[in-house]
**Q** 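Handing you this structure, nothing more for now.
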Amino acid sequence: MKIRLVNAGVFTPIDEIDETLTPPTEGFYWIDADVEDLELLQPLFNLHDLAVEDCLSEEDQRPKIEIYESHYFIVVNSIRFDDEEIFLRALNVFLGRHYIITVTKQKINELRILKPMLWEQEVSEPDMFLYLLIDLVVDNYFSVGDRIEARIEKLEEDILMHTKKSHLSEIIGLRSEILWLKKMLGPQKEVINTLNKKDLRLIDDQLQKYFSDIYENAVKISETFETYRDLMGNLREAYQSSIANRANEIMRVFTAITTIFMPLTVITGIYGMNFDHMPELHTKYGYYGVIGVMLTLGCGMLYVFRKKEWL
């Protein structure tokens, strides 16, 4: 657990947790905690039992906001994409009048990026901290969306150039990830909309209006992932069409080969009969003549097929 006094973006480390119980003269306290620290923090800040239980739960938490008498409990999902799988990591925030507590189970990249922003904007209020943090979380969805779009484009190019069976599993896996993410974006939009429209005494009225910009971005993200879902459907159709076209090409080649060998089979079948008296059977160059006719016939049919672009 790390405790800092934040005043005008300047961080001052605090050694004793008891100091944070009294509001500072200027600035606010930021307590960056792990879930194990809640046992100590809950009685000190009177954190609600249900909020603490949500933080400790092993199940994935839906984004939400709970308003209690002395603090707000907010859950938003940070996103990460490693080109194989999309990960959502819960970011739990307790917002008080003179403090903000962030609780995470894994490292959240947005918290690391936020530190220099607090200094640049000389942040001295916890609600401004919350605004910048959620803005970073939402903006990261755009960068992940760009990477997903690039992956979809590459997958489409690979399918058109050289279709593989593995492409189908990639399409199904990525589409499932997008659908799951789309489902989780709905509650997150509602959280941001609540921060934008509901009368919240712990958030300054002027600052609250800025949450509308974040909400608009959240709506754009949701629409973008809806588009990605449709693209994955189109990609699956393209895969199936490519497989069908490939099968047709193979069948065309086999059909042409069979057609070429059919008259040759007729010739060899006739001259394979065991009659004693057959034309040209006992001539000196009969064998070579038949072979020549067969070669001429096969090459001629191959030429016709290519000219008509059947092969």
**Q** Distance from E177 atom CD to I86 atom CD1, nearest 0.5 Å?
**A** 5.0 Å
**Q** Relative to the ring of F11, is the ring of W30 parallel (under 30°), tilted (30 to 60°) or perpendicular (over 60°)?
**A**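 Because their plane-to-plane angle lies in the 30° to 60° range, the rings of W30 and F11 count as tilted.
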**Q** Any Lys/Arg nitrogen of E223 or K220 sitting under 4.0 Å from an Asp/Glu carboxylate oxygen of the other?
**A** no
**Q** Under a single-linkage definition using a 4.5 Å side-chain heavy-atom cutoff for Ile, Leu, Val, Met, Phe, Trp and Tyr, are I31 and L202 assigned to the same hydrophobic cluster?
**A**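 No, because I31 and L202 fall into different hydrophobic clusters, even though each may have its own neighbours under 4.5 Å.
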**Q** Please give me the minimum heavy-atom distance between V191 and I65, naming the atom from each residue.
**A**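 Scanning both residues completely, I find the closest heavy atoms to be CG2-N, 4.0 Å.
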**Q** Between R229 and E226, is there a side-chain heavy-atom distance shorter than 4.5 Å?
**A**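 A side-chain contact under 4.5 Å exists here.
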**Q** Got a sec, which residues hit side-chain contact (heavy atoms from CB on, under 4.5 Å) with D54, two or more places apart in sequence or on another chain?
**A** Q61, K64, F73
**Q** Please check if atom CZ in R89 has more than 12 non-hydrogen atoms from other residues, nucleotides or ligands closer than 6.0 Å.
**A** yes
**Q** Please give me the minimum heavy-atom distance between N77 and M184, naming the atom from each residue.
**A**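 In terms of heavy atoms, the two residues are closest at ND2-CE, 3.5 Å.
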**Q** Report yes if the side chains of L181 and I79 come closer than 4.5 Å at any heavy-atom pair, otherwise no.
**A**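 Heavy-atom side-chain distance check passes, below 4.5 Å.
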**Q** Just how far is it from atom CG of L174 to atom CG of L179, taken to the nearest 0.5 Å?
**A**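 Answer rounded to 0.5 Å: 9.5 Å.
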**Q** With rounding to the nearest 0.5 Å, note down the distance linking CG in D127 to CG in L207.
**A** 5.0 Å
**Q** Out of curiosity, M262 CE to L297 CG, how far, rounded to the nearest 0.5 Å?
**A** 11.5 Å
**Q** Decide yes or no for N109 and L136: does some side-chain heavy atom of the first lie under 4.5 Å from some side-chain heavy atom of the second?
**A**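 Not in contact.
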**Q** With rounding to the nearest 0.5 angstrom, report the CG to CD1 distance, L95 to I203.
**A** 6.0 Å
**Q** Report yes if some heavy atom in the side chain of L41 is under 4.5 Å from a heavy atom in the side chain of F94; otherwise report no.
**A** no
**Q** Between the side chain of S78 and the main-chain N/O of V137, is any donor-acceptor distance below 3.5 Å?
**A**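 It does not hold such a pair.
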**Q** Looking at side-chain heavy atoms only, is the closest gap between L114 and F129 below 4.5 Å?
**A**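 Heavy-atom side-chain distance check passes, below 4.5 Å.
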**Q** Determine whether L118 and Y29 fall in the same hydrophobic cluster, where Ile, Leu, Val, Met, Phe, Trp and Tyr are linked whenever their side-chain heavy atoms lie under 4.5 Å apart.
**A**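 They do not share one cluster, since no chain of ILVMFWY contacts under 4.5 Å joins L118 to Y29.
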**Q** Under the criterion side chain to side chain contact (heavy atoms under 4.5 Å, CB included), I'd like the reasoning laid out for N196 against N193: C-alpha separation, chi angles, the key distance, then a yes or no.
**A** CA-CA 5 Å; N196 172 36; N193 195 34; 4.0 Å; yes
**Q** Please answer whether the main-chain N or O of E36 pairs with a side-chain N or O of D34 as donor and acceptor at a distance below 3.5 Å.
**A**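 No, the answer is negative, given that no donor and acceptor are paired below the 3.5 Å cut-off.
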**Q** Taking the side chain as everything from C-beta on, heavy atoms only, tell me whether N217 gets closer than 4.5 Å to Y141.
**A** no
**Q** So do the side chains of I178 and R175 get within less than 4.5 Å of each other, counting heavy atoms only?
**A**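 A side-chain contact under 4.5 Å is absent here.
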**Q** Do L195 and Y68 land in one hydrophobic cluster if side-chain heavy atoms of ILVMFWY residues count as linked below 4.5 Å?
**A** no
**Q** Using the six-membered ring wherever Trp is involved, compare the ring planes of Y228 and F225 and label them parallel, tilted or perpendicular (cut-offs 30° and 60°).
**A** perpendicular
**Q** Begin with the C-alpha distance, continue with both residues' side-chain angles, and end with the deciding distance and a verdict on side chain to side chain contact (heavy atoms under 4.5 Å, CB included) for V75 and R62.
**A** CA-CA 7 Å; V75 180; R62 289 167 58 89; over 6 Å; no
**Q** Are W180 and I221 grouped together when hydrophobic residues (ILVMFWY) are joined by side-chain heavy atoms under 4.5 angstrom apart?
**A**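 Yes, it is one cluster - the side chains of W180 and I221 are joined through contacts under 4.5 Å.
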**Q** Report whether I134 and I113 are members of the same hydrophobic cluster (ILVMFWY, side-chain heavy atoms less than 4.5 Å apart, transitive linking).
**A**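 Cluster IDs for I134 and I113 match.
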**Q** With ring-ring contact (aromatic ring centres under 6.0 Å, His included) as the rule and sequence neighbours excluded, what pairs involving residues 96-116 come up?
**A** F45-Y99
**Q** Taking side chain as C-beta onward, heavy atoms only, is L133 less than 4.5 Å from I100?
**A**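 With C-beta onward as the side chain, the pair stays apart.
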**Q** Report, as yes or no, whether the 6.0 Å neighbourhood of atom CZ on F261 holds more than 12 heavy atoms from other residues, nucleotides or ligands.
**A**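 No, the 6.0 Å shell around CZ holds no more than 12 heavy atoms from other groups.
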**Q** Identify the heavy atoms of A90 and T104 that sit nearest to each other, and give their distance.
**A**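 Smallest interatomic distance, heavy atoms only, reads O-CG2, 4.2 Å.
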**Q** Identify the heavy atoms of I192 and A218 that sit nearest to each other, and give their distance.
**A**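 Minimum heavy-atom contact is CD1-CB, 4.0 Å.
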**Q** CH2 of W119: more than 12 outside heavy atoms within 6.0 angstrom?
**A** no
**Q** Is the number of heavy atoms from other residues, nucleotides or ligands under 6.0 Å of D230 CG greater than 12?
**A** yes
**Q** Does D32 form a side chain to side chain contact (heavy atoms under 4.5 Å, CB included) with R4? I'd like the steps, not just the answer.
**A** CA-CA 8 Å; D32 189 14; R4 306 176 182 91; 4.0 Å; yes
**Q** Would you mind telling me which of T194, V93, I67 makes a side chain to side chain contact (heavy atoms under 4.5 Å, CB included) with Y72?
**A**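 Result for side chain to side chain contact (heavy atoms under 4.5 Å, CB included) with Y72: I67.
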**Q** Walk me through it: do N140 and S143 pass the test side chain to side chain contact (heavy atoms under 4.5 Å, CB included)?
**A** CA-CA 5 Å; N140 197 32; S143 60; 3.0 Å; yes
**Q** Other residues, nucleotides and ligands only: do more than 12 of their heavy atoms fall within 6.0 Å of NZ on K2?
**A**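 Atom NZ in K2 is not crowded, with 12 or fewer foreign heavy atoms closer than 6.0 Å.
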**Q** Please find the pair of heavy atoms, one from H71 and one from N46, that lie closest to each other, and give the distance.
**A** CE1-O, 3.3 Å
**Q** Could you tell me the separation between the CG atom of L185 and the CG atom of L88, rounded to the nearest 0.5 Å?
**A** 8.0 Å
**Q** Could you pull out the closest heavy-atom pair between I152 and L231, with the gap in Å?
**A**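 Answer, listing the atom of I152 first, then L231: CG2-CB, 4.4 Å.
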